[in-house]
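First the proteins, then the strands, lettered A, B, ... as listed; each starts at 1.
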Amino acid sequence: MKRRVEALLRRSVEAAHAAGELSTATLPEGSVEVPRERQHGDVACNAAMALARSERKAPRAIAEILLRRIEDPGGWIRESSIAGPGFLNLRLSPRFWHEEAAALREDPALGVRPIGQGRLVQVEFVSANPTGPLTVGHGRNAVLGDTLARLLEGTWHRVEREYYFNNAGRQMKVLAASVRARYLELLGRPSEFPEDGYQGDYIRDVARGLVERHGEGLVEHEGNAFRDAAEEAIFADIRATQDRLGVRFDRYFNEDSLYASGAIERVLERLAEQGLSEHRDGAIWLKAERVGLEKDRVLVKSTGEPAYRLPDVAYHLDKLARGYDAIVDVLGADHIAEHQEVVAAISALGHEVAPIRPVIYQFVTLTRNGEQVKMSTRRAEYVTLDELLDEVGSDAARFFFLTRKSDSHLEFDLELAKKREADNPVFYVQYAHARIFNLFAQAEAAGAVAAATHAGAEAFAPLVEEEEIDLVRRLAGYGEVVEIAARELEPHRLVFWLQELAATLHRFYNRHRVLGDEDPARVGARLALLDLVRRTIAAGLGLLGVTAPERM
RNA sequence: GCGCCCGUGGUGAAACGGAUAUCACGAGGGUCUCCGGAACCCUAAGUCCCAGUUCGAUUCUGGGCGGGCGCACCA
């Protein structure tokens, strides 16, 4: 929508330039916008103000030139005015909107442009340690990452979804020791549960499985049986939960492969060669002043074990070497500092880090009727993502996780998410879809659908009511919202937009009767319009990974 | 204490540096009851504070204040 009007104004500037009225021939970037104030028209242009300085002319004088030089062969502009300090306000004609609707109807992408141009983007998300079930917090991560991936795919990026699987290091040893202790316990043998061991019942389940399979055969076991059994069971659990949310990955990257390939060693060598690290107190440190950090950070502990950040540096170097155009890392707020350390180290090694785009999300709290639901990671008193899905289902969970921008705290209201009423935003949007679907079923029964015989803008010509034009105007903004959400990595923009579209639909629907109108052309036009609304809701929800039900 | 992020009506959000700060929900008052549980109108209510840059600041800069997160040889 904006682009068509922009083209009009661009030609106006060119014409003014050719006539010697302006020294520039180009319309300033971003000078055309949809004003928030309806009184200011459908489209506003502030080019006159932006050009005032370089043209050495009063903004309003420039605006007058632009206005005079606009050619409008298509009859798009219904009304134009110069307002305020030099805004050019345009009100568009019904005909413009009819053409807009016709264009959308023919466009499978509904106005979303292929801004990705096939660029390859990696989205790394979830990456939870395989030490226990996914929690509600991981749920926000999973939904955010997956929705970003969908948005990027929807704008013609090629996307790879990856889960970094921390299956090496101390946590896994503690996990193995926890399982071993429960195993011995089940056999009635003396056992010592590790001080920082994992308390959850799932550890007992793993141990029980080992008892069933091996009996007492593992009492003296020194190998990896406990670790492997735990990893396998928990990983299967994590995948099952992800399936329920509609989240899939193209690749699981195992941390231990970085050891096997020698990548960790190579990173240490390179850091040492470039003087970015040093040995001290039996450990290897990343030197703060050399990489631009506050404090020195340990890379290898005096025990000889690498600290978490070292494999993470190796992992990111691996990702960079794969040649992605962009690397999106979805991280909880508690991981920001560590991520910055990794990026700082990589940058100091001479790599271009611009492709790395962290998306930070804040924590989730659950509420029920305004009361906060207690969650504590200690003592395993957390609510698992599975429990949340049991209660509210995937659609509500996904939608709710996306109703706030990621960088703000999220209060997840369990009762609201379950409600089947209009104040539940998921229900409100899905209902709009089901409502149109139902109407079409009735229209078909009445033989009204076939009445829409016209093609192109003609088909929409009977639409003149304010609520009808409002719907078209709204639909015409879909492409831009999706593009911005993808570009800024902000899925919540689409969530809000869909709620507004649903509201616009309900407003129309209650004001005007579609079926039973004596003018078949008008019935056909309205059905065509509503079909477009339905397709757009379905497409938008699809980008969020939420279903668009036909009835509910 | 230091670092990062965030402060917009009651709540959640929007505003390439642009017009009288927009939208939704909620609150109060009124209207309507028809394809599916709706919708419409009116009212009250907001840029945390102080400076600076600018023709113009919610937006940029500095300083306060408030909140979150981090500041482990944990991940």
May I ask you to decide if A:Leu416's main-chain N or O and A:Asn424's side chain share a donor-acceptor pair within less than 3.5 Å?
yes

Report which part of the nucleic acid A:Asn89 touches: base, sugar-phosphate, or nothing (heavy-atom distance under 4.0 Å, all strands).
base

Donor + acceptor pair across side chains of A:Asn166, A:Gln171 (<3.5 Å):
no

Evaluate the ring planes of A:Phe496 and A:His492, with Trp represented by its six-membered ring, and classify them as parallel (under 30°), tilted (30 to 60°) or perpendicular (over 60°).
perpendicular

Does A:His492 reach a base, just sugar-phosphate, or nothing at all? Heavy atoms under 4.0 Å.
sugar-phosphate

Of all the nucleotides listed (B:G12, B:A75, B:A39), which has the minimum atom distance to the side chain of A:Arg507?
B:A39

Which part of the nucleic acid does A:Arg493 contact within heavy-atom distance under 4.0 Å: base, sugar-phosphate only, or nothing?
sugar-phosphate

Minimum-distance nucleotide to A:Ser302 side chain [options: B:C73, B:A72, B:A75]
B:C73

Nearest to the side chain of A:Ala283, heavy atoms from C-beta on, is which of B:A75, B:A38, B:C73?
B:C73

Would you mind classifying the nucleic acid contact of A:Ala307 as base, sugar-phosphate or nothing, using non-hydrogen atoms under 4.0 angstrom?
sugar-phosphate

Heavy atoms from C-beta onward define the side chain here; which of B:C73, B:C40, B:A38 lies closest to that of A:Arg435?
B:A38

In whole angstroms, how far is the C1' atom of B:C35 from the CG atom of A:Leu439?
6 Å

Just call it for A:Phe363: base, sugar-phosphate, or nothing, with non-hydrogen atoms closer than 4.0 Å on any strand.
sugar-phosphate

Going 5' to 3' through nucleotides 2-9 of chain B and flagging B where a protein heavy-atom sits under 4.0 Å of the base, S where only the sugar-phosphate is that close, and - otherwise, we get S-SS----

Give a yes or no on whether a donor-acceptor pair under 3.5 Å exists between the nucleobase atoms of B:A75, that is its base, and the side chain of A:Asp196.
no

Test of understanding: with ring pair (Phe, Tyr, Trp, His ring centres under 6.0 Å), list the residues that count as partners of A:His316, not counting sequence neighbours.
A:His339

Over 60° means perpendicular and under 30° means parallel, so classify the ring planes of A:Tyr252 and A:Phe235, tilted if in between.
perpendicular

Parallel, tilted or perpendicular: which fits the ring planes of A:Tyr308 and A:His335, with parallel below 30° and perpendicular above 60°?
perpendicular

Side-chain contact check for A:His409: nearest option of B:C35, B:C40, B:G68 is B:G68

Whole-Å distance, A:Arg511 CZ to B:C35 C1', equals 17 Å

Would you indicate what A:Asp281 reaches in the nucleic acid, counting non-hydrogen atoms under 4.0 angstrom: base, sugar-phosphate, or nothing?
base

Ranking A:Thr403 and A:Gln499 by the position along RNA chain B of their nearest nucleotide, the one closer to 5' is A:Thr403

Can you check the A:Leu505 CG to B:A39 C1' distance for me, whole Å?
11 Å

Are the ring of A:Phe87 and the base ring of B:A19 both nearer than 5.5 Å at their centres and tilted by less than 30°?
yes

Heavy atoms under 4.0 Å, any strand shown: does A:Asn129 hit a base, just sugar-phosphate, or nothing?
sugar-phosphate

Among B:C34, B:C23, B:A75, which nucleotide has an atom closest to any side-chain atom of A:Glu500?
B:C23

Selected nucleotide, minimal atom distance to A:Trp285 side chain, candidates B:C69, B:A13, B:C73:
B:C73

